[in-house]
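Quick notes on the structure that follows.
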2 protein chains.
Amino acid sequence: MAHMPGRSGPAIDGADEGGVYRQEDDYDRGMPYDPSAYPPFAVTVDLVVLTVRRHSLCALAVRRGESPFQGRWALPGGFVRPDEDLTQAAARELSEETGLRVHDPDVVPAQDNGAHLEQLATYGDPKRDPRMRVVSVAHLALAPDLPAPKAGGDANSARWAPVEELLRQDGYGRDGEQAAPLAFDHAQILADGVERARSKIEYSSLATAFCPTEFTVGELRRVYEAVWGVALDPRNFHRKVTGTPGFLVPTGGTTTRQGGRPAQLFRAGGATLLNPPMLRPEV
Amino acid sequence: MAHMPGRSGPAIDGADEGGVYRQEDDYDRGMPYDPSAYPPFAVTVDLVVLTVRRHSLCALAVRRGESPFQGRWALPGGFVRPDEDLTQAAARELSEETGLRVHDPDVVPAQDNGAHLEQLATYGDPKRDPRMRVVSVAHLALAPDLPAPKAGGDANSARWAPVEELLRQDGYGRDGEQAAPLAFDHAQILADGVERARSKIEYSSLATAFCPTEFTVGELRRVYEAVWGVALDPRNFHRKVTGTPGFLVPTGGTTTRQGGRPAQLFRAGGATLLNPPMLRPEV
DNA sequence: TCAAAAGTGTTGGTATTACACCCATGT
DNA sequence: ACATGGGTGTAATACCAACACTTTTGA
């Protein structure tokens, strides 16, 4: 392995030969945009919508009706309109696909049942869409469990599927559903979204976005277990989340919907940071 | 505060009336792109290039020569070309502005002097550029200390400036340099990049990207202190970083370039995750 | 000899685990 | 009565902040 001294490598030397720190000469924001010099890009938003159903982490997938990737599953998404912000576009798509409203981030105690929505990453490989240059700004949405997509109308056009099923490159899903790879680069986007969710619930209160407005400590724990695919000690988990000031707010009510001894109901508190973080056990 | 029951809010009910999970009807990827229906977007990359100079966190700023924001400081950036990926475009811009090569992420022990480069976030407010719709994919680059921008040629066209000076909305910088707000939404982008860097060095080996290839424990500590703006205990810091397996690799050499007793030289090791994380003291 | 920076030892407080154990309900 | 899930107590352990102390150089 060739070793390069700290501050005087060829890159810097080369830069000193005239290329460093110069203003770029083939682009300046002051120039009017010339479409013939820079062909237009299409800009879309794609959504990774995650929820926890039946103890497993699921994502919303829609079936493509058109070529390319006709008949294959894909992430929901669509064009950004000329007058809307990227976040607005993502919220609109989310609402169109699921009926979910988006949480107002200014309303700190999450009183409503809205979903969490955040920008994930942007994907712009020139070949990611075979027809044209499409740059997609992917967003991550976390939602509480919702009723299954209606079978009427355009049946089989949308479903919640376990993420490991959508990311599996061969084999078949639960209902014999063909588990062909997702369309475009959506497998990569989904994988990135799942990883973001997995790491973010470690140190934030984001897991509560998977729960209904009022939930028990055990329900919150099952969210962590489903997202991480691990088992957590119920006793220590209880101590951890109830012992963090501002993380959970008791509503006063109790429920026995999970059976057993009545459990206290909580709402998400104002604290968005979990410090020290929840420890994710090795798998 | 109106409370909404968990799983039967109006949003869901409304969705059940026919709007939920339907395929979007005004957009389908199978349709050929119609520019008259969806006016083209320009896609750019903007760069937050950070380095540590004289014990303070600095960012690269370039002066705008054209309207709008003529004469104001801005982040370096430029159009994404039709045939290049977003990461390629960011790496090209970084090289053009600083002469820095980008680290090959596959070369795990960071032997070269390249910079760290990662996507930060995408900014697409319809009004962020007064002339046209521009979506900018911001990237974050971390570089070791570089020679100051050359004063020859297009003098005063680029400089390293402390981030708090660039983010200050009033007053003047060190040289009487006018500290007007950065052009466009670049203050927000810079703030987001700084926050990303501050939080990421907590739990990763990213701080080594600010150091030359070989560095001492004290030099690495001064990076943390500059980025976070705090003082760290030299003894505990030493134990922490040398005690994490694979984090630092001793090169065998020593140096006294900081004065005092000779210090061991290290290179960044293969470990990219620092677990448990470095604790960022309260400010 | 002194200042400066590197590096080691020690200690008390705190957090985390891995349990044993009890509580309140539905069947 | 008993299964089920909720919730508390406790001891062993690991970790970390704080600081005293030693080492090795340049001035």
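Letters A, B, ... are given to chains in the order of the sequence lines, protein chains preceding strands, and every chain is numbered from 1.
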Practice task
With a 4.0 Å heavy-atom cut-off, tell me which residues in residues 233-251 of chain A come close to DNA chain C, sorted by residue number.
Solution key: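 The answer is D233(A), R235(A), N236(A), R239(A), K240(A).
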Would you check if the side chain of [X] reaches a backbone N or O of [Y] as a donor-acceptor pair within less than 3.5 Å?
| X | Y | result |
| --- | --- | --- |
| R196(A) | L120(A) | yes |
| W160(A) | T51(A) | no |
| T256(A) | G259(A) | no |
| T244(B) | V241(B) | no |

Fill in the blank from the handout: In L142(B), L60(B), L75(B), L140(B), the residue satisfying side-chain contact (heavy atoms from CB on, under 4.5 Å) with V49(B) is L60(B)
Handout entry: Residue pair Y224(A), F237(A): steps toward the ring-ring contact (aromatic ring centres under 6.0 Å, His included) verdict
Key = CA-CA 10 Å; Y224(A) 277 90; F237(A) 182 89; 5.5 Å; yes
Problem - 5' to 3' contact window, DNA chain C with chain B (heavy-atom distance under 4.0 Å) - result: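 Under 4.0 Å from chain B, the extent on DNA chain C is dA4(C) to dT10(C).
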Tell me the interatomic distance from [X], atom [atom1], to [N], atom [atom2], rounded to whole angstroms.
| X | N | atom1 | atom2 | answer |
| --- | --- | --- | --- | --- |
| M278(B) | dC15(D) | CE | P | 15 Å |
| L279(B) | dC16(D) | CG | C1' | 8 Å |
| L232(B) | dC19(D) | CG | C1' | 16 Å |
| R221(A) | dG6(D) | CZ | C1' | 9 Å |

Exercise for the section: Using a 4.0 Å heavy-atom cut-off across all strands, classify R257(B) as base, sugar-phosphate, or nothing. Expected result: nothing
Handout entry: Residues E165(A), R159(A): salt bridge by 4.0 Å N-O rule
Key = yes
Practice task
Taking only Lys NZ, Arg NE, NH1 and NH2, and the carboxylate oxygens of Asp or Glu, determine whether R221(A) and E225(A) approach each other closer than 4.0 Å.
Solution key: yes
